[in-house]
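Only one structure is covered here, and it is reproduced in the block below.
Basis for what follows: all heavy atoms, side chains included, without hydrogens, waters or symmetry-related copies. Residue numbers count from 1 along this sequence.
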Amino acid sequence: MEYLCYHRDRSASMPLREALLEAHWAYMDGFAKELIARGPTFDAAGEQCTGSVHIVDLPDAAAARAFAFDEPNYQAGVYRDVLLRRWRNTLGRTMWEFPGGREGGNRYLVLGLGEGEPVDVTPPPGPADRDDLIAYGPLLADDGVTWVGTAALVRAPDAAAAAAVLRTPGRYADIEVHDWSFGGRPTA
């Protein structure tokens, strides 16, 4: 079962986050085979982390909760809250298989939260649209069926273009767009 976990930082937690960086990476190393995508979100200036995204394939909800709440930054108080939802990997790949690679272009996390009849559960139809999708899928309730939104990691020229990946904006109670980058240990 795939889950999207978005830990949102509390204000002024950057020094603690930096002190725990190796502990965070070591924790995530234990889930290397299960991770579909990961990486930090940033403020508009790109200077301060605002959260941490992890999309992970785990056996059940209990394992997903343990993943989210045993994480060292969560345990130490870096995060103010956690969004943890079932998610469906409609692209069928990990971020490491994204043809656009780790660098180049602006990257965003797009979260559309809604209710009712599902919308935008499949990626945009055009090949050009898909070329900029790093991860894409519906957010689901614990039953794995009830739609509660859509989440994407996308390369786009700006935040407005990133938000447009959700093709029916009027169906969402809220659409959040966060600057995002590929996470993990730096490659040499």
ask   = Taking side chain as C-beta onward, heavy atoms only, is S181 less than 4.5 Å from P40?
value = yes

query = L113, I175: one ILVMFWY side-chain cluster at the under-4.5 Å cut-off?
reply = no

ask   = Between E18 (side chain) and P15 (backbone), is there a donor-acceptor pair under 3.5 Å?
value = no

remark   = Shortest non-hydrogen pair, G112 vs L139, comes out as O-CD1, 4.3 Å

task = Apply side-chain contact (heavy atoms from CB on, under 4.5 Å) to R10 and list each qualifying residue two or more places apart in sequence or on a separate chain.
result = S13, L16, R80

inquiry  = Side chains of L83 and L4, heavy atoms from C-beta outward: is any pair under 4.5 Å?
reply    = yes

message = Between T41 and Y6, is there a side-chain heavy-atom distance shorter than 4.5 Å?
response = yes

request  = Output all residues satisfying ring pair (Phe, Tyr, Trp, His ring centres under 6.0 Å) with W87, sequence neighbours left out; order by chain, then residue number.
outcome  = none

task = Examine I36 and L109 and state if one hydrophobic cluster contains both, with Ile, Leu, Val, Met, Phe, Trp and Tyr joined whenever side-chain heavy atoms are less than 4.5 Å apart.
result = yes

query = Are a donor atom and an acceptor atom from the side chains of H7 and E71 found within less than 3.5 Å of each other?
reply = no

query = Hey, does R102 have a side-chain heavy atom less than 4.5 Å from the side chain of W96?
reply = yes

key: Residue pair L20 / P72: nearest heavy atoms and the distance that separates them   = CD1-O, 4.0 Å

query = What is the distance from atom CG of L35 to atom SG of C5, rounded to the nearest 0.5 Å?
reply = 10.5 Å

query = Do the side chains of L91 and W180 join up, straight or via other hydrophobic residues, at under 4.5 Å, putting them in one cluster?
reply = no

ask   = Between D9 and R17, is the closest basic N to carboxylate O distance under 4.0 Å?
value = yes

Contacts table for residues 54-70: side-chain donor-acceptor under 3.5 angstrom, sequence neighbours left out:
residue	atom	partner	partner atom	Å
D57	OD1	M1	N	3.0
D60	OD1	A62	N	3.2
D60	OD1	A63	N	2.8

task = List for me each residue that meets side-chain contact (heavy atoms from CB on, under 4.5 Å) alongside E22, sequence neighbours excluded, and say none if there are none.
result = W25, A26, R185

query = Looking at residues at least two apart in the chain, or sitting in another chain, which of them share a side-chain contact (heavy atoms from CB on, under 4.5 Å) with E47?
reply = D43, A45

ask   = Looking only at heavy atoms, what is the nearest atom pair of G144 and R86, with distance?
value = CA-NH1, 3.5 Å

key: Cluster link F182 to Y108, ILVMFWY, side chain under 4.5 Å   = no

remark   = Closest heavy-atom pair, R88 versus L140, reported as atoms and distance to 0.1 Å, is NH2-CD1, 3.6 Å

query = Hey, are T90 and T122 close enough side-chain-wise for a donor-acceptor pair under 3.5 Å?
reply = no

hydrophobic_cluster_shared for Y136 and I134, side chain cutoff 4.5 Å = no

key: Whether R107 side chain and G104 backbone form a donor-acceptor pair below 3.5 Å   = yes

remark   = L133 and P124 have their tightest heavy-atom pair at CD1-CD, 3.6 Å

key: Spacing of CG belonging to D29 relative to NE2 belonging to H24, to within rounding of 0.5 Å   = 9.5 Å

request  = Look only at the side chain of R38 and the backbone of S52, and say whether a donor-acceptor pair between them is shorter than 3.5 Å.
outcome  = no

inquiry  = Within this structure, what is the NE2-CZ distance for the pair H178 and F42, rounded to the nearest 0.5 Å?
reply    = 13.0 Å

request  = Output yes when R8 and E176 qualify as a salt bridge under the 4.0 Å nitrogen-oxygen rule, no when they do not.
outcome  = yes

message = Can you confirm whether Q75 is buried at CD, in the sense that more than 12 heavy atoms of other residues, nucleotides or ligands lie under 6.0 Å from that atom?
response = yes

Side chains of residues 149-166: which donor-acceptor pairs under 3.5 Å do they make with residues two or more places apart or in other chains?
residue	atom	partner	partner atom	Å
T150	OG1	V119	O	3.4
T150	OG1	D120	O	3.4
T150	OG1	W147	NE1	3.3
T150	OG1	Y172	OH	3.3
R155	NE	D132	OD1	2.8
R155	NH2	D131	O	3.4
R155	NH2	D132	OD1	2.8
D158	OD1	A160	N	3.2
D158	OD1	A161	N	2.8

